[in-house]
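Before any comments, here is the structure.
Small disclaimer: the values here were computed from a predicted structure and weren't measured. For this chain, numbers begin at 1 and follow the sequence in order.
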Amino acid sequence: MKAQLFDSELKVMDILWRVGDTTAKELARMLGEQVGWSKTTTYTVIKKCVDKGVIERRGTDFLCHARISKNEVREQEAKKFVDKMFDGSTDLLVASLINSNKMSPEQLQNLRKLLEGLE
(Lines give C-alpha, C1' and ligand atoms only; values in the text may rest on other atoms or scores of the structure.)
Protein backbone atom coordinates (compact mmCIF):
# COMPACT_ATOMS: atom_id res chain seq x y z
CA MET A 1 0.00 0.00 0.00
CA LYS A 2 1.40 3.37 -1.01
CA ALA A 3 0.34 6.53 0.73
CA GLN A 4 2.16 9.75 1.41
CA LEU A 5 1.79 10.54 5.08
CA PHE A 6 2.29 14.01 6.48
CA ASP A 7 3.81 14.67 9.91
CA SER A 8 0.39 15.04 11.53
CA GLU A 9 -0.75 11.72 10.10
CA LEU A 10 2.46 10.06 11.27
CA LYS A 11 1.72 11.21 14.83
CA VAL A 12 -1.58 9.30 14.74
CA MET A 13 0.00 6.28 13.07
CA ASP A 14 2.85 6.23 15.58
CA ILE A 15 0.40 5.74 18.44
CA LEU A 16 -1.36 2.94 16.57
CA TRP A 17 1.97 1.26 15.85
CA ARG A 18 3.06 1.53 19.48
CA VAL A 19 -0.14 0.62 21.32
CA GLY A 20 -2.22 -1.18 18.69
CA ASP A 21 -5.88 -0.67 17.89
CA THR A 22 -7.21 2.36 19.75
CA THR A 23 -10.49 4.28 19.76
CA ALA A 24 -10.64 7.68 18.12
CA LYS A 25 -11.58 9.14 21.51
CA GLU A 26 -8.47 7.64 23.14
CA LEU A 27 -6.27 8.86 20.26
CA ALA A 28 -7.69 12.36 20.78
CA ARG A 29 -6.90 12.17 24.49
CA MET A 30 -3.33 10.99 23.88
CA LEU A 31 -2.60 13.54 21.18
CA GLY A 32 -4.14 16.28 23.29
CA GLU A 33 -1.65 15.41 26.03
CA GLN A 34 1.33 14.84 23.73
CA VAL A 35 1.03 17.67 21.23
CA GLY A 36 -1.88 19.81 22.40
CA TRP A 37 -4.31 18.88 19.65
CA SER A 38 -8.04 19.43 20.10
CA LYS A 39 -10.43 16.53 19.61
CA THR A 40 -11.55 18.12 16.32
CA THR A 41 -7.99 18.27 14.99
CA THR A 42 -7.37 14.62 15.87
CA TYR A 43 -10.63 13.49 14.26
CA THR A 44 -9.79 15.47 11.10
CA VAL A 45 -6.37 13.80 10.84
CA ILE A 46 -7.90 10.36 11.49
CA LYS A 47 -10.41 11.00 8.67
CA LYS A 48 -7.58 11.90 6.30
CA CYS A 49 -5.83 8.64 7.22
CA VAL A 50 -9.06 6.70 6.66
CA ASP A 51 -9.51 8.41 3.27
CA LYS A 52 -5.96 7.38 2.32
CA GLY A 53 -6.67 3.80 3.37
CA VAL A 54 -3.99 3.63 6.06
CA ILE A 55 -6.46 3.47 8.96
CA GLU A 56 -9.61 1.39 9.18
CA ARG A 57 -12.34 2.38 11.66
CA ARG A 58 -14.21 -0.50 13.20
CA GLY A 59 -17.39 -0.70 15.24
CA THR A 60 -19.57 1.90 16.86
CA ASP A 61 -16.79 3.15 19.14
CA PHE A 62 -14.61 3.98 16.09
CA LEU A 63 -11.77 1.63 16.94
CA CYS A 64 -8.86 2.68 14.72
CA HIS A 65 -6.72 -0.03 13.15
CA ALA A 66 -3.46 0.63 11.23
CA ARG A 67 -3.62 -0.89 7.76
CA ILE A 68 0.04 -0.15 6.99
CA SER A 69 3.06 -1.05 9.09
CA LYS A 70 5.75 1.31 10.30
CA ASN A 71 8.27 -0.67 8.27
CA GLU A 72 6.26 -0.16 5.07
CA VAL A 73 6.17 3.60 5.68
CA ARG A 74 9.91 3.66 6.45
CA GLU A 75 10.65 1.83 3.20
CA GLN A 76 8.45 4.19 1.17
CA GLU A 77 9.95 7.29 2.77
CA ALA A 78 13.52 5.99 2.38
CA LYS A 79 12.94 5.22 -1.30
CA LYS A 80 11.41 8.64 -1.87
CA PHE A 81 14.38 10.30 -0.14
CA VAL A 82 16.96 8.29 -2.08
CA ASP A 83 15.17 9.00 -5.36
CA LYS A 84 14.94 12.72 -4.62
CA MET A 85 18.37 13.39 -3.13
CA PHE A 86 20.59 10.67 -4.62
CA ASP A 87 18.99 9.95 -8.02
CA GLY A 88 17.86 6.54 -6.76
CA SER A 89 21.37 5.47 -5.78
CA THR A 90 21.50 3.88 -2.32
CA ASP A 91 25.26 3.51 -2.56
CA LEU A 92 25.58 7.30 -2.91
CA LEU A 93 23.43 7.69 0.21
CA VAL A 94 25.62 5.30 2.20
CA ALA A 95 28.78 6.97 0.90
CA SER A 96 27.38 10.35 1.93
CA LEU A 97 26.65 9.10 5.44
CA ILE A 98 30.10 7.56 5.80
CA ASN A 99 31.90 10.59 4.36
CA SER A 100 30.05 12.97 6.67
CA ASN A 101 31.67 11.26 9.68
CA LYS A 102 28.25 11.06 11.30
CA MET A 103 28.41 7.31 11.85
CA SER A 104 29.88 5.88 15.02
CA PRO A 105 32.27 2.92 14.88
CA GLU A 106 29.41 0.72 16.15
CA GLN A 107 27.10 1.94 13.38
CA LEU A 108 29.80 1.26 10.78
CA GLN A 109 30.25 -2.27 12.16
CA ASN A 110 26.50 -2.84 12.03
CA LEU A 111 26.46 -1.62 8.43
CA ARG A 112 29.26 -4.06 7.54
CA LYS A 113 27.25 -6.91 9.06
CA LEU A 114 24.13 -5.90 7.16
CA LEU A 115 26.05 -5.76 3.89
CA GLU A 116 27.70 -9.12 4.52
CA GLY A 117 24.27 -10.60 5.21
CA LEU A 118 23.08 -9.47 1.77
CA GLU A 119 25.82 -11.31 -0.09
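The distance from the OG1 atom of Thr23 to the CG atom of Leu63 is 7.0 Å, given to the nearest 0.5 Å. Atom-to-atom distance recorded for Ile55:CD1 and Thr22:OG1 is 9.5 Å, nearest 0.5 angstrom. Taking CD1 from Ile15 and CG from Leu10, the interatomic distance works out to 11.5 Å, rounded to the nearest 0.5 Å. The CE atom of Met13 lies 12.5 Å from the CZ atom of Arg18; values are rounded to the nearest 0.5 Å.
Not a single donor-acceptor pair under 3.5 Å links the side chain of Thr90 to the backbone N or O of Gly88. Put simply, the side chain of Glu75 never gets that close to the backbone of Glu72: no donor and acceptor are under 3.5 Å apart. With Arg67 contributing its side chain and Gly53 its backbone, the two residues share a donor-acceptor pair below 3.5 Å.
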Side chain to side chain contact (heavy atoms under 4.5 Å, CB included) evaluation trace for Leu16 with Cys64:
CA-CA 8 Å; Leu16 293 176; Cys64 295; 4.1 Å; yes
Please determine whether side chain to side chain contact (heavy atoms under 4.5 Å, CB included) holds for the pair Ser8 and Trp37, giving the CA-CA distance in whole Å, both sets of side-chain angles, and the decisive distance to 0.1 Å.
CA-CA 10 Å; Ser8 58; Trp37 286 1; 3.8 Å; yes
Verify side chain to side chain contact (heavy atoms under 4.5 Å, CB included) between Val45 and Lys11, making sure each step is shown before the conclusion.
CA-CA 9 Å; Val45 175; Lys11 286 182 185 352; over 6 Å; no
Assess the residue pair Leu5 and Val73 against the criterion (side chain to side chain contact (heavy atoms under 4.5 Å, CB included)); give the C-alpha distance rounded to whole Å, side-chain angles, the decisive distance to 0.1 Å, and a yes or no.
CA-CA 8 Å; Leu5 298 178; Val73 172; 3.9 Å; yes
Kindly indicate, with the supporting measurements, whether the criterion side-chain hydrogen bond (donor to acceptor under 3.5 Å, both in side chains) is fulfilled by Asp91 and Ser89.
CA-CA 5 Å; Asp91 54 334; Ser89 174; 2.2 Å; yes
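In this model, no donor atom of one side chain and acceptor atom of the other lie less than 3.5 Å apart for Thr41 and Thr44. Between the side chains of Ser69 and Asn71, no donor-acceptor pair of N or O atoms lies under 3.5 Å.
Here the shortest heavy-atom pairing between Tyr43 and Ala24 reads CE2-O, 3.5 Å. For Ala3 against Gln76, the heavy-atom pair with the smallest separation is O-OE1, 3.3 Å. Between Glu9 and Lys48, the closest heavy-atom pair is OE2-CB, 3.6 Å.
Annotation: Lys39, atom NZ; neighbour count of heavy atoms from other residues, nucleotides and ligands within 6.0 Å does not exceed 12. Other residues, nucleotides and ligands place more than 12 heavy atoms under 6.0 Å from the NZ atom of Lys52.
With sequence neighbours excluded, the residues satisfying side-chain contact (heavy atoms from CB on, under 4.5 Å) with Glu33 are Arg29. In this structure Phe6 satisfies the ring-ring contact (aromatic ring centres under 6.0 Å, His included) test with no other residue, sequence neighbours excluded.
Between Glu77 and Lys79 there is no salt bridge, since no side-chain nitrogen of the basic residue lies less than 4.0 Å from a carboxylate oxygen of the acidic one.
The stretch residues 50-93 participates, sequence neighbours left out, in these ring pair (Phe, Tyr, Trp, His ring centres under 6.0 Å) pairs: Phe81-Phe86.
Put simply, the side chain of Leu92 does not reach to within 4.5 Å of the side chain of Asp87, judged on heavy atoms.
Neither Leu114 nor Ile98 shares a network with the other; the hydrophobic side chains, linked directly or stepwise wherever heavy atoms of I, L, V, M, F, W or Y lie under 4.5 Å apart, form separate groups for each.
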